[in-house]
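Below: the structure, in structure tokens.
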Amino acid sequence: MNLLLIDADAENIKNFRAHIRGAFPAIRIVGHFSEISGDVQKAVRDMKPDVILSDIKFFGGLHFVRFRELNEEFPNVKFLMYGTFNESDYMKRGRDFGVLDFMYRPVKPSDLNRCLEFALESTKKMKENRRMTANMENSYQQRIFQYEEIFLRSLLSGDVDRENEINNGFEYFKIPFDTDFSVLIVRIDHYKRVALALSEQEKHLRVISILSVVRGILREHKTKAFVRSFHEIPIILNANFTVEEKVLLGDRLKHAIFERTGMRCTIGIGRTYPTPMEIAISAREADAAFGYRYRMGYHAVIPIEFVEPDNNITFRYPHARERRLVYSAVVGDYEYCKGLLSELFNALAQSGPMPENLVAKIVMTIVFRISRYISEQNLPFAGEVARYFPTSDILRIATIDDGYQFMDKALREFCTYVGKFHTKDSLRLHLAAKRHIQEHFFENFSIARIAVKLGTTPETLNKVFMEREKVMLFDYVMWVRVQEAQKHLSESATEEDIIAVQVGFDDVKYFRSIFKKYVGETPAEFRARSQA
């Protein structure tokens, strides 16, 4: 550890040097600074200390300003301060500006040793943390392409679906995309059969060789191609190509792949969309195109326009949001349901005119999934779904607005009902937990063990006790133990250490501290008063 001494008193500097050299060989004193009007920043820059040992009065009345300036310019440099007792508040506040510890004048050798040992340990940890951070940054930079591929996979799957998040990703990974996006997916034909004859290494090399061919063919275009699995390479194409142009490009790709690798591939192509937020839609369309290989043939190029020319709804509909809506309804979270519902129906509104009865069918599907999920969980209110989501009302839904209004009202009322059910269940859990604690308070305390026995989580248990007892579960258990201890203390002559064990404490000192915390007096004081 490199140490810089700052003090206007030369005698202090001399004494500190002598003591540190004799007692701390691991500390290297890089110099001292004694000029009150001098440039401290320059001294720190030149001497490069890890820690500065300084008299607080050296910095005068503006010491906080000076600390802050030093801390801002040298955030890794820490301070050990010493001053008078009257200056202790200032030294404590100095922790915000890098002060590790402080001492009072005249500095005692024991206090100096304590501070220097703490500084040595802190410096060691900080250097190790900096080394780990540097190593992680180096490792990250070496693997930056892998993180770019994770981002692109998430973009295609729809997990990255906010405009600012997508734009930030493009900017961070320096992806030069602007407008007009479509997705092509290259998939090896009959891969399961092909893979049987390949070793793991051969499978890897085969898909990498296909990726190399794809990138070579597409180098004149603005694209991103990457491996998504051993048999699949998605391509994000940033160009306003017509369907015919994409078919020609796909045909060129499949022939080049076959010529250079011997692998036959089918290529699915999604529609072109103007914004990067719609890349996931094009990817879903490209993926859906493969379902028509039985009719269009393998080793083919299949645009979604050829097989589903009129479907603008299926691939835009946010199925992941619908699944979250189902879960949220079952737990009674109306506010979250309302936000998800808006997203679902906004997506439908952007899809164009709805075919007749489609909105009613979509609503019916959501309701069926809510009912199914409740049944899968074996919850006792499965029969209530029909009451809050009557089929006769669903069949009358004609427009997107009708569907939204119906679902919003039904979900609000259903979630209110579910909330009341969970309140009753919370009471049941609360009573069961209290009964368990009364019967087992003397056992080693473990909130996780109690939660498992009651079929819940520690977080839920704590929430229940905060709502109903206004205390955390730990405090409730301690209070039950203290109450039991009070009975023993007031009704018997049993020694305190034995009582401690009887009520669940292995350490009598800990028992006494807990007892005093909750009762306001020691066990001995309580016994003397209660038996008087």
Side-chain angles (χ1 to χ4, degrees), residues 1-10 12-83 87-105 107 109-144 147 172:
M1 181 180 87
N2 292 335
L3 182 70
L4 172 63
L5 303 174
I6 296 182
D7 197 319
D9 190 328
N12 284 344
I13 296 287
K14 178 182 175 183
N15 292 336
F16 283 137
R17 279 183 180 276
H19 180 84
I20 293 169
R21 283 173 178 168
F24 291 90
I27 296 178
R28 175 173 172 258
I29 298 176
V30 294
H32 68 273
F33 190 81
S34 304
E35 303 173 28
I36 292 179
S37 59
D39 189 345
V40 178
Q41 274 91 342
K42 183 178 184 305
V44 175
R45 278 194 295 271
D46 293 343
M47 298 183 197
K48 298 180 175 56
D50 298 309
V51 176
I52 295 173
L53 176 61
S54 175
D55 184 351
I56 191 170
K57 71 178 182 180
F58 180 88
F59 295 102
L62 297 176
H63 46 268
F64 279 124
V65 175
R66 304 295 295 279
F67 285 167
R68 185 172 61 249
E69 291 172 350
L70 285 168
N71 186 243
E72 288 174 354
E73 185 172 352
F74 311 103
N76 293 326
V77 177
K78 304 302 177 185
F79 284 90
L80 294 175
M81 306 300 302
Y82 50 94
E87 294 166 322
S88 58
D89 285 343
Y90 297 111
M91 290 189 287
K92 287 178 184 177
R93 289 175 59 193
R95 293 186 190 279
D96 296 335
F97 308 112
V99 173
L100 291 174
D101 209 341
F102 59 90
M103 302 160 278
Y104 298 119
R105 285 197 305 266
V107 176
S110 59
D111 288 341
L112 180 59
N113 291 345
R114 169 180 56 80
C115 288
L116 291 174
E117 286 168 0
F118 179 58
L120 276 169
E121 185 63 27
S122 298
T123 302
K124 181 181 177 182
K125 288 180 181 177
M126 286 186 288
K127 287 184 176 179
E128 182 60 29
N129 288 339
R130 288 199 292 271
R131 275 195 297 270
M132 289 176 62
T133 301
N135 290 338
M136 285 191 291
E137 288 176 354
N138 290 335
S139 177
Y140 175 77
Q141 290 303 324
Q142 292 170 7
R143 293 174 172 79
I144 189 72
Y147 297 105
Y172 180 76

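What you see below is based on every heavy atom in this structure, not just the backbone, and it leaves out hydrogens, waters and symmetry mates.
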> Is the shortest side-chain N to carboxylate O distance from E128 to K125 below 4.0 Å?
Replying inline: no

Compare all side-chain heavy atoms of [X] with those of [Y] and state whether any distance is below 4.5 angstrom.
X: K78; Y: S122; value: no
X: F16; Y: L112; value: yes
X: E73; Y: Q41; value: yes
X: F79; Y: I56; value: no
X: V44; Y: I52; value: yes

At what distance, to the nearest 0.5 angstrom, does [atom1] of [X] lie from [atom2] of [Y]?
X: T133; Y: R130; atom1: OG1; atom2: CZ; answer: 9.0 Å
X: K57; Y: M81; atom1: NZ; atom2: CE; answer: 12.0 Å
X: K14; Y: D9; atom1: NZ; atom2: CG; answer: 11.5 Å
X: N71; Y: E69; atom1: CG; atom2: CD; answer: 11.0 Å
X: N12; Y: R17; atom1: CG; atom2: CZ; answer: 13.0 Å
X: I20; Y: L53; atom1: CD1; atom2: CG; answer: 6.0 Å

>> K42: which residues meet the salt bridge (charged side-chain N to carboxylate O under 4.0 Å, His left out) condition with it, sequence neighbours left out?
In response: D46

> Can you name the one residue among D111, V51, L80 that meets side chain to side chain contact (heavy atoms under 4.5 Å, CB included) with L116?
Replying inline: L80

>> Please give me the minimum heavy-atom distance between C115 and F102, naming the atom from each residue.
In response: SG-O, 4.0 Å

> If you draw a 6.0 Å radius around NZ in K124, do more than 12 non-hydrogen atoms from other residues or ligands fall strictly inside?
Replying inline: no

> Hey, is CD on E35 packed in by over 12 heavy atoms from elsewhere, all under 6.0 Å?
Replying inline: no

>> Which residues pass the side-chain contact (heavy atoms from CB on, under 4.5 Å) test with Q142, not counting sequence neighbours?
In response: none

> Does a donor on one side chain sit under 3.5 Å from an acceptor on the other, for S139 and R143?
Replying inline: yes

> Is it the case that D7 and Y82 place a side-chain donor and acceptor less than 3.5 Å from each other?
Replying inline: yes

Using distance only, find each side-chain donor-acceptor pair of residues 22-30 under 3.5 Å and give its atom names and separation, not counting sequence neighbours.
unit_1: R28; atom_1: NH1; unit_2: N2; atom_2: OD1; d: 3.4

> Could you go step by step and tell me if R114 and D101 meet the side chain to side chain contact (heavy atoms under 4.5 Å, CB included) rule?
Replying inline: CA-CA 9 Å; R114 169 180 56 80; D101 209 341; 2.8 Å; yes

> Hey, is the main chain of R131 close enough, under 3.5 Å, to the side chain of N135 for a donor-acceptor pair?
Replying inline: yes

